[in-house]
Protein chains: 2
Amino acid sequence: MNAQVDLTRNQALVLQALDGAEGPLSAYTILDKLRDDGFRAPLQVYRALDKLQELGLVHRLESINAFVACCQPHRHDHEMIAFAICGKCGNVDEFSDSMLEERLGTWVRAHRFKPAKTTIEIRGACADCADAERELESPARSN
Amino acid sequence: MNAQVDLTRNQALVLQALDGAEGPLSAYTILDKLRDDGFRAPLQVYRALDKLQELGLVHRLESINAFVACCQPHRHDHEMIAFAICGKCGNVDEFSDSMLEERLGTWVRAHRFKPAKTTIEIRGACADCADAERELESPARSN
DNA sequence: CGATCATATGTAATAACATTACACATCGGT
DNA sequence: ACCGATGTGTAATGTTATTACATATGATCG
Ligand SMILES: [Zn+2]
Ligand SMILES: [Zn+2]
Ligand SMILES: [Zn+2]
Ligand SMILES: [Zn+2]
């Protein structure tokens, strides 16, 4: 599905692991998943992740030290990406918002700051998980 | 300067270390700075940091695993805070922007996401450091 | 072809960051 | 004096990421 052309074996394996996962994975979780494929050391994972991030196929979630496959082959070159991360089920929503980008750009220009990488991550509960939690809290009339 | 009332000895020491620092500090750097004050284990630092964050006196910079003293006694209760972090000199600019907050709030409401903590961090070079770098790159005519 | 260079890999060791577990201390309210 | 909430001291362990060095692979050029 993704432009996996030109990926090396290790890179392809790591990307597959992320693509097949429900939510974000830590580097060491990926390593464990790939033991059977010959992976032995963390560096094999980190190196592949570095390359995949360079190619825009994978994102790192800074606030939880984990990685996700990019949900689209869209060009991230000049886009600012935000993530909504559910702490319950692990679901991650990747989105971009031009007004958000505009707004941060305004601040950056005003302060002559030269941005290299911008992180926007909202941690919380997704709609489904928030609903489930509300049910537990409410005086359940299901007796 | 900060409302240090009610802080325990350990908490006060950690806050002082951060207040006196030029830039963000890692937990282990703080530990080293406080060896002479009797600190021996990481947990002493992490516990103090937890409390200080609860009190809004300290912020954690997720993207660089470091901590900074809050620059103001302002109420962070319902504010979204963003950070511009210079990778060269370590300077950190803490700012909030209601439009930014509004914009993320719009997304969150539209997706019925229940936010717990939001991280906004811009890493790059501050004005001074960007200038200094430009000078090195340009064909210096200062010969 | 053989020399060379850039990129990727394998492996071990180590560094950097953070938490768990348990025992003990301190303080305020009853 | 008792209790519960909060804080502390210490050791051990868990988790995340990098450094260092050797080897391999593949494209390019004379
Ligand atoms: Zn993406
Ligand atoms: Zn969820
Ligand atoms: Zn602050
Ligand atoms: Zn700077």
Side-chain angles (χ1 to χ4, degrees), chain A residues 4-18 21 23-68 85 87 90 92 117 119 121 123, chain B residues 4-18 21 23-68 85 87 90 92 117 119 121 123:
Chain A
Q4 297 176 218
V5 287
D6 284 14
L7 290 188
T8 65
R9 171 181 154 83
N10 284 5
Q11 291 158 12
L13 284 168
V14 168
L15 183 55
Q16 277 170 32
L18 285 173
L25 300 179
S26 77
Y28 279 76
T29 303
I30 296 172
L31 175 57
D32 285 339
K33 281 179 180 280
L34 296 180
R35 294 266 182 214
D36 295 342
D37 295 296
F39 274 51
R40 315 299 310 274
L43 203 49
Q44 297 176 282
V45 177
Y46 283 110
R47 286 202 273 229
L49 286 172
D50 283 348
K51 193 64 181 179
L52 291 168
Q53 286 178 264
E54 250 180 69
L55 297 173
L57 298 174
V58 160
H59 301 295
R60 174 188 167 81
L61 301 177
E62 312 273 6
S63 65
I64 59 173
N65 295 328
F67 303 83
V68 283
I85 306 164
V92 174
K117 184 175 182 202
T119 297
E121 296 176 14
R123 273 164 298 156
Chain B
Q4 297 177 219
V5 288
D6 284 16
L7 290 189
T8 66
R9 169 180 156 82
N10 282 7
Q11 290 158 12
L13 284 169
V14 168
L15 184 54
Q16 277 170 34
L18 285 173
L25 300 179
S26 77
Y28 277 75
T29 302
I30 296 172
L31 175 58
D32 285 339
K33 280 180 179 282
L34 296 179
R35 295 264 182 214
D36 294 342
D37 297 295
F39 274 52
R40 314 299 311 276
L43 201 50
Q44 297 176 283
V45 176
Y46 283 111
R47 286 201 273 228
L49 285 172
D50 283 348
K51 194 64 179 178
L52 292 168
Q53 287 179 262
E54 247 180 71
L55 297 172
L57 299 174
V58 161
H59 302 296
R60 175 187 169 82
L61 301 176
E62 312 273 6
S63 66
I64 59 173
N65 296 329
F67 304 82
V68 283
I85 307 163
V92 175
K117 185 176 182 202
T119 297
E121 297 176 15
R123 274 163 297 156

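All values below come from the heavy atoms of this structure, side chains included, with hydrogens, waters and symmetry mates left out. Below, chains carry the letters A, B, ... as their sequence lines are ordered, and counting in each starts from 1.
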Legend entry - Contact interval (first through last nucleotide) of DNA chain C with protein chain B, 4.0 Å heavy-atom: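 Here the contact window of chain B covers C/dC17 to C/dA21.
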
Inset, instruction - Go through DNA chain D in 5' to 3' direction and return only the first and the last nucleotide with some atom under 4.0 Å of chain A's heavy atoms. - result: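 Contact boundaries, 5' end first: D/dT16 to D/dA20.
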
Inset, instruction - Name the residue closer to the 5' end of DNA chain D, choosing between A/F67 and B/R9 according to the nucleotide with the nearest heavy atom. - result: B/R9

Legend entry - Toward the 5' end of DNA chain D, by each residue's nearest nucleotide, B/Y28 or B/G38: B/G38

Inset, instruction - Answer yes when A/R47 and A/D50 have at least one side-chain N-carboxylate O distance shorter than 4.0 Å, and no when they do not. - result: no

Legend entry - Given DNA chain C, 5'-ward residue of the pair A/Q11 and B/A27, judged by closest heavy atom: A/Q11

Legend entry - For B/L18 against B/F67, the heavy-atom pair lying closest together: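 Shortest heavy-atom contact: CD2-O, 3.3 Å.
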
Legend entry - Considering all heavy atoms, the nearest B/Q53-B/R60 contact: NE2-CB, 3.4 Å

Legend entry - Within residues 40-50 of chain B: residues closer than 4.0 Å to DNA chain C (heavy atoms): B/L43, B/Y46

Out of curiosity, [X] [atom1] to [Y] [atom2], how far, rounded to the nearest 0.5 Å?
{"X": "B/Q44", "Y": "B/L34", "atom1": "CD", "atom2": "CG", "value": "9.0 Å"}
{"X": "B/L15", "Y": "B/N10", "atom1": "CG", "atom2": "CG", "value": "12.5 Å"}
{"X": "A/L43", "Y": "A/L49", "atom1": "CG", "atom2": "CG", "value": "10.5 Å"}

Are [X] and [Y] side-chain neighbours, meaning at least one heavy-atom pair lies under 4.5 Å?
{"X": "B/Y28", "Y": "B/V45", "answer": "no"}
{"X": "B/K33", "Y": "B/I30", "answer": "no"}
{"X": "A/L55", "Y": "A/L7", "answer": "yes"}

Inset, instruction - Would you kindly say whether B/T119 and A/R123 are connected by a side-chain donor-acceptor distance under 3.5 Å? - result: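 Yes.
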
